[in-house]
There are 2 protein chains.
Amino acid sequence: MKSNKSILLVEDDPNFGRILKDYLTINNYDVSLAVNGIEGFEKFNRSEFDLCILDIMMPFKDGLTLAREIREVNDVIPLIFLTAKNLKDDVLKGYKIGADDYLTKPFDSEILLAKIKSILNRKPNVNVEEKDVFEFDFGDFNFNSKLRILTHKEGESYKLSPKENQLLKMLVLNFDDLLPRDIALNKIWRDANYFTSRSMDVYIAKLRKYLDKDKSLKIINVHGEGFRLMQE
Amino acid sequence: MKSNKSILLVEDDPNFGRILKDYLTINNYDVSLAVNGIEGFEKFNRSEFDLCILDIMMPFKDGLTLAREIREVNDVIPLIFLTAKNLKDDVLKGYKIGADDYLTKPFDSEILLAKIKSILNRKPNVNVEEKDVFEFDFGDFNFNSKLRILTHKEGESYKLSPKENQLLKMLVLNFDDLLPRDIALNKIWRDANYFTSRSMDVYIAKLRKYLDKDKSLKIINVHGEGFRLMQE
DNA sequence: AGTATACATTAACATTTCATTAAGAAAGTT
DNA sequence: AACTTTCTTAATGAAATGTTAATGTATACT
């Protein structure tokens, strides 16, 4: 009937990795095991997973770096970190990147299983459409959010920075509608406070500069609420 | 800005509960503290929360029982359990009930905060059913309360301030009917006293100025009672 | 190692928006 | 008439936003 959920497990300790993989397999998950961050990222790109379990401490490319790369491509897939005991800093970094959970080694396998179930049982992510759209036309512009390039019909192309790119994408996806400040902050900056908010304002200013080439486009502010990309 | 997220905290240890509540309050959450499961359930039913933090070990009614009761009424609100030691059984039971996470005491407050943020930043799956109405037509006007824009058929658009917007929305929702003063005051100003009442008068005056473009519309005062938006 | 580059954050200052309060006039109530 | 409530405009101060520049902070390059 329903095909098993698939998990990407990235763990450098071959013994432990093997055991964990077997345990999860017995419990009806399809597990793909990678032994370091580099291999992990390759596997991640080769197939579709429902969940990633990443060891933080790994040679070549650690779990946090790998997580960042994964998040650049996919900002919905759940991430669980494995961390050695009491590395609070790693845990906090993990959450900042967008982790869903973490476990400190050694951990209880049943609890891991419960966590996995809990995470996978959440409402299936609604935005089916949002997933693959990365090219947009609006005003005199073409915008490729995968390549992070914004092109004006007549002339210039701009290479957007990651943050510029994310913010513009959210604005475009909400074209002519309100993009609430909090939503953008929590999605792009993963935190909403005074400083991230100021940072967002700076990026709005940058985007306005780009969009200035088409005088009909405007990013207007709704005081206290957010921003709205519109064409008059 | 936007209103804070609210948390129901159920914890029988008064000292610890107090400290935790204060800590969360400092971090911009509205926290309601209950000292046992019974009080917890009452508070849960009395108002709307965004998240519950439940101590498992409590007299009278333990956290797991409380969680079950909450889940009977509401199957989406996130639950976080606090468990004394690593009582694996409790943790597993918790997940079975539908917990989102757990923390073993003593835990690090920063990590709790990170978890809360992570959980609350997940898809706002709550109001799928109740789609908020935010666009209205009345007289010669179109009113979009989400974008806070009031547009006259012929001509101008007005950007409304948050208070103007809320007040007009309440008037429109009670079109041709009385909007009692204290209802509006308590909803918009969260308080009804002499000064907020003066402030409301100022906003009524502002709205009248906007609506003046359509001579058939009037905001009339019902002395001592409130206001009524009507069309003759 | 040092240096260049790209990027994000923070600082600083200007500007705009907003809510409240004041104050005097007008209208309603008794 | 005496009193209360409402009406309206303007003044004030606080908060949010706009913008440019300076400061960090990684990473790649030499």
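Every value quoted in this text rests on a predicted model; they were computed, and no experiment measured them. Excluded from the calculations below are hydrogen atoms, water molecules and symmetry mates; all remaining heavy atoms, backbone and side chain alike, are included. Per chain, numbering begins at 1; letters A, B, ... match sequence-line order.
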_In this structure, how many angstroms lie between the P atom of C/dT17 and the OH atom of B/Tyr203, rounded?_
14 Å
*asked:* Any non-hydrogen side-chain atom of A/Arg181 less than 4.5 Å from a side-chain atom of A/Glu225?
replied: no
_Go through it in stages, so that I can follow the logic: the residues are A/Lys5 and A/Asp30, the test is salt bridge (charged side-chain N to carboxylate O under 4.0 Å, His left out), and I'd like the CA-CA distance, side-chain angles, deciding distance and then a yes or no._
CA-CA 6 Å; A/Lys5 297 285 187 176; A/Asp30 292 338; over 6 Å; no
*Separation of A/Asp212 atom CG from D/dT20 atom C1', in whole Å?*
16 Å
_Closest to the A/Ser199 side chain, choosing from C/dT20, C/dT10, D/dT17_ = C/dT10
_Under 4.0 angstrom between A/Ser161 side-chain N/O and C/dC7 OP1 or OP2_ = no
*Between atom CG in A/Asn221 and atom C1' in C/dC18, what is the gap in whole Å?*
12 Å
*Any side-chain donor near an acceptor of the partner, B/Lys115 and A/Tyr95, under 3.5 Å*: yes
*Given atom CZ of A/Phe195 and atom C1' of C/dA8, what is their separation to the nearest angstrom?*
14 Å
_Under 4.0 Å, counting only non-hydrogen atoms across every strand here, what does B/Asp201 touch: a base, just sugar-phosphate, or nothing?_
base
*asked:* Could you check whether any side-chain heavy atom of A/Lys159 comes within less than 4.5 Å of a side-chain heavy atom of A/Arg148, counting everything from C-beta outward?
replied: no
*Round to the nearest Å and state the distance from A/Lys61 atom NZ to D/dT27 atom C1'.*
14 Å
_Checking contacts here: which listed nucleotide (D/dA10, C/dA8, C/dT29) is nearest the side-chain heavy atoms of B/Val202?_
D/dA10
*Is A/Asp212 salt-bridged to A/Arg208, going by a charged N under 4.0 Å from an acidic O?*
no
*asked:* Rounded to whole Å, how long is the line connecting atom CZ of A/Arg208 with atom C1' of D/dG18?
replied: 7 Å
*Could you tell me whether the phosphate oxygens of C/dT17, OP1 or OP2, come under 4.0 Å of any side-chain nitrogen or oxygen in B/Lys163?*
no
*Indicate, with a heavy-atom threshold strictly under 4.0 Å, whether B/Arg148 touches base, sugar-phosphate, or nothing.*
sugar-phosphate
*Any side-chain N or O of B/Lys206 under 4.0 Å from OP1/OP2 of C/dA19?*
no
*Given atom CZ of A/Arg190 and atom C1' of C/dT9, what is their separation to the nearest angstrom?*
18 Å
*Whole Å only: how far is the CZ atom of A/Phe227 from the P atom of D/dA16?*
13 Å
*Remember a base hit wins even if backbone is also touched, and classify A/Lys159 as base, sugar-phosphate or nothing at under 4.0 Å, heavy atoms.*
nothing
_B/Arg198 vs C/dT20: side-chain N/O to OP1/OP2 distance below 4.0 Å_ = no
*Are OP1 or OP2 of C/dA19 and a side-chain N or O of B/Trp189 less than 4.0 angstrom apart?*
no
